[in-house]
Amino acid sequence: MKLIFERSVPGHGCSVLPECDVPTVIPEGFCRQSRPRLPQISENDLSRHYTELAKQTHGVNDGFYPLGSCTMKYNPKINERAAALPGFTGVHPLQPEEDAQGCLEVMHRMETMLCGITGMDAMSLQPAAGAHGEFTGLLLIKAYHKSRGDERRTKIIVPDSAHGTNPASAAMAGFSIVNVPSAADGCVDLNALQTAVGEDTAGLMLTNPNTVGLFDKNILQITDIVHKAGGLCYYDGANLNAVMDIARPGDMGFDCMHLNLHKTFSTPHGGGGPGSGPCGCKDFLAPFLPGPRIVRNETAYCMEYQNTSVGSVKAFYGNFLVVVKALSYLCMLGREGVREASCNAVLNANYMMHGLSDLYDMAFDETCMHEFVMSLEKLKHDTGVSALDAAKAMLDYGIHPPTMYFPLIVHEALMVEPTETESRETLDEAIAIYREIFQKAHENPDALHHTPAHTPIGRPDEVAAARKPVIRYDYEAVLSEND
């Protein structure tokens, strides 16, 4: 399809904004020297352009979307209605506290609920995404050790199956990374962990259930090893959707964590946000949380600032409307519904895994949690069809591929997370598609090397797209071509 700039025709346009009814004052030096070269397009063509774009996207409203470790689940529309209420959309972050009591109550209630679900004692809603929450938690760990004069603790232990943001966040917080391998069962190698800890250990970053979809049976030993070495334990909440109201990170021995409102608590994510990655912690770390903190006194909600805080990590109070959506979701489900969501997520993953295990090689042949990992290494050896080929073929069936080539500890990996919001009928259909692709790999492998064949874009040069992205329209090049 054409770019919006390619649709532009000189003289075309539409009035989408009313005339400004107040004087405009732009300081000298801030005015443009020339008009911006924006596309000139009629309202009709503008509407058609974005409608065509919408038809070329794929989301949870279009079909099966089992992106592993991302929890791309259906988001109830009541959440959007709640977040669109004028009292929430019309509030200004600089309004006096007495004029924003309802909004402060929303945030306070959300923090309380999240603490109950996670087993943490305090929570900050400021972080804007999961990795941002990781970074905040690491700042808490750093501030804690510094407050005790123990600044020799400079290393963060990260398992080899960790999300890629874990080592990146630790490095951004100024720590060195110590990688520990997984054991044959897909869980943390206890001997390797015991060897890795020491007087320089600041903490451990861990996801449980882990990235291969397994609940680490040694989790209490893991956190105990780190604590005995003087380190703290950080919980990556990306996979919390599997254990809500069943197991709490705070009870597993974790001292701080982040969770994803835009994954676990049903607010849409992808396409750049907005997201929300609240950071929670135990009481002894609470003085370091980003401020301001929302507290309830005898008569009202108010803001509280702490001198020991690591400082604000985002302007004002975080992505407030995302918090509204998550609170709406939790209030709608109630405690029993939250538990049921996790149970169904685990049920769906195991149902789909067992529906495929006679054909595909499962990376770990045991009951999984919310996701499972398949290895197509043998299929590639036998037929030449890779995990990438299989994933691309799924696009022709109208379903989104699972996560490819992650975690790195599994060769030719496909990581599938069906989530609790998919019906049995949808899972049966997906299982049938996966099985058909497996059969095609043996009967006509060459055809799969050229899929997808029925999508707007086939197989782009992904390396060039990553290394040499085109992020602006080149007017000069177009003009020279026209000349």
[X] side-chain N/O to [Y] backbone N/O, donor-acceptor pair under 3.5 Å:
| X | Y | result |
| --- | --- | --- |
| Gln126 | Val313 | yes |
| Thr403 | Gly68 | yes |
| Arg248 | Gly116 | yes |
| Arg293 | Glu304 | no |
| Lys282 | Asp121 | no |
| Ser312 | Ala315 | no |
| Asn348 | Glu422 | yes |
| Thr451 | Leu448 | yes |
| Asn218 | Cys187 | no |
| Ser47 | Glu43 | no |

Would you say that more than 12 heavy atoms from the other residues, nucleotides or ligands in this model lie under 6.0 Å from the [atom1] of [X], or not?
| X | atom1 | answer |
| --- | --- | --- |
| Met303 | CE | yes |
| Gln56 | CD | yes |
| Lys55 | NZ | no |
| Ile457 | CD1 | no |
| Asp461 | CG | yes |
| Arg7 | CZ | yes |

Under the side chain to side chain donor-acceptor pair (under 3.5 Å) test against Thr71, which residue among Lys263, Glu417, His370 passes?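 The side chain to side chain donor-acceptor pair (under 3.5 Å) with Thr71 is passed solely by Glu417 among Lys263, Glu417, His370.
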Are [X] and [Y] close enough that some pair of their side-chain heavy atoms sits under 4.5 Å apart?
| X | Y | result |
| --- | --- | --- |
| Lys217 | Asp185 | yes |
| Thr136 | Ser124 | no |
| Pro418 | Val416 | yes |
| Pro290 | Lys314 | no |
| Leu289 | Ser309 | no |
| Cys256 | Ile141 | yes |
| Phe88 | Val106 | yes |
| Pro209 | Val243 | yes |

Any side-chain donor-acceptor pair under 3.5 Å between [X] and [Y]?
| X | Y | result |
| --- | --- | --- |
| Arg296 | His108 | no |
| Ser386 | Asp389 | yes |
| Glu412 | Tyr405 | yes |
| Glu80 | Asn75 | no |
| Glu371 | Ser69 | yes |
| Glu436 | Tyr397 | yes |
| His258 | Tyr235 | no |
| Asp361 | Ser375 | no |
| Asp428 | Tyr351 | yes |
| Glu134 | Thr165 | yes |
| His12 | Asp45 | no |
| Asn239 | Asn208 | no |

Going through the distances and angles, do Ile41 and Ser8 end up as a side chain to side chain contact (heavy atoms under 4.5 Å, CB included)? CA-CA 5 Å; Ile41 191 167; Ser8 178; 5.7 Å; no
Compare every heavy atom of [Y] with every heavy atom of [X], then report the nearest pair and how far apart it is.
| X | Y | answer |
| --- | --- | --- |
| Phe215 | Met369 | N-CG, 3.8 Å |
| Val322 | Gly275 | CG2-O, 4.1 Å |
| Ala453 | Asp396 | N-OD2, 2.8 Å |
| Leu414 | Ala390 | CD1-CB, 4.4 Å |
| Phe316 | Pro292 | O-CD, 4.4 Å |
| His163 | Ala238 | CE1-CB, 3.4 Å |

Walk me through it: do Arg424 and Glu429 pass the test salt bridge (charged side-chain N to carboxylate O under 4.0 Å, His left out)? CA-CA 9 Å; Arg424 180 173 179 176; Glu429 181 181 349; over 6 Å; no
Step by step, would you call Leu330 with Met110 a side chain to side chain contact (heavy atoms under 4.5 Å, CB included)? CA-CA 9 Å; Leu330 286 176; Met110 191 68 204; 3.6 Å; yes
Give me the ring orientation class for His400 and Tyr65: parallel if the planes are under 30° apart, tilted from 30 to 60°, perpendicular past 60°.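 Rings of His400 and Tyr65: parallel, as their planes differ by under 30°.
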Parallel, tilted or perpendicular, as decided by the 30° and 60° cut-offs, for the rings of Tyr473 and Phe5: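 Parallel: the ring planes of Phe5 and Tyr473 meet at under 30°.
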Given Met107, which partner from the list Val324, Leu125, Leu327 fulfils the side chain to side chain contact (heavy atoms under 4.5 Å, CB included) test?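 Passing option: Leu125.
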Dump the intermediate steps for side-chain hydrogen bond (donor to acceptor under 3.5 Å, both in side chains) on Asp216 and Asn210, then the final yes or no. CA-CA 7 Å; Asp216 200 312; Asn210 63 19; 5.1 Å; no
Walk me through it: do Asn241 and Lys73 pass the test side-chain hydrogen bond (donor to acceptor under 3.5 Å, both in side chains)? CA-CA 10 Å; Asn241 199 55; Lys73 62 186 181 182; 2.8 Å; yes
Is there a side chain to side chain contact (heavy atoms under 4.5 Å, CB included) between Tyr301 and Glu97 once you walk through the steps? CA-CA 8 Å; Tyr301 295 93; Glu97 294 174 5; over 6 Å; no
Apply the test side-chain hydrogen bond (donor to acceptor under 3.5 Å, both in side chains) to residues Asn319 and Ser276: give CA-CA distance (whole Å), side-chain angles for both, the deciding distance (0.1 Å), then the verdict. CA-CA 6 Å; Asn319 287 329; Ser276 181; 6.0 Å; no
Show your working on side chain to side chain contact (heavy atoms under 4.5 Å, CB included) between Ile222 and Leu206 and close with a plain yes or no. CA-CA 10 Å; Ile222 291 170; Leu206 190 71; 4.1 Å; yes
Ring centres of Tyr234 and Phe254 under 6.0 Å apart?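 When the ring centroids of Tyr234 and Phe254 are compared, they turn out to be at least 6.0 Å apart.
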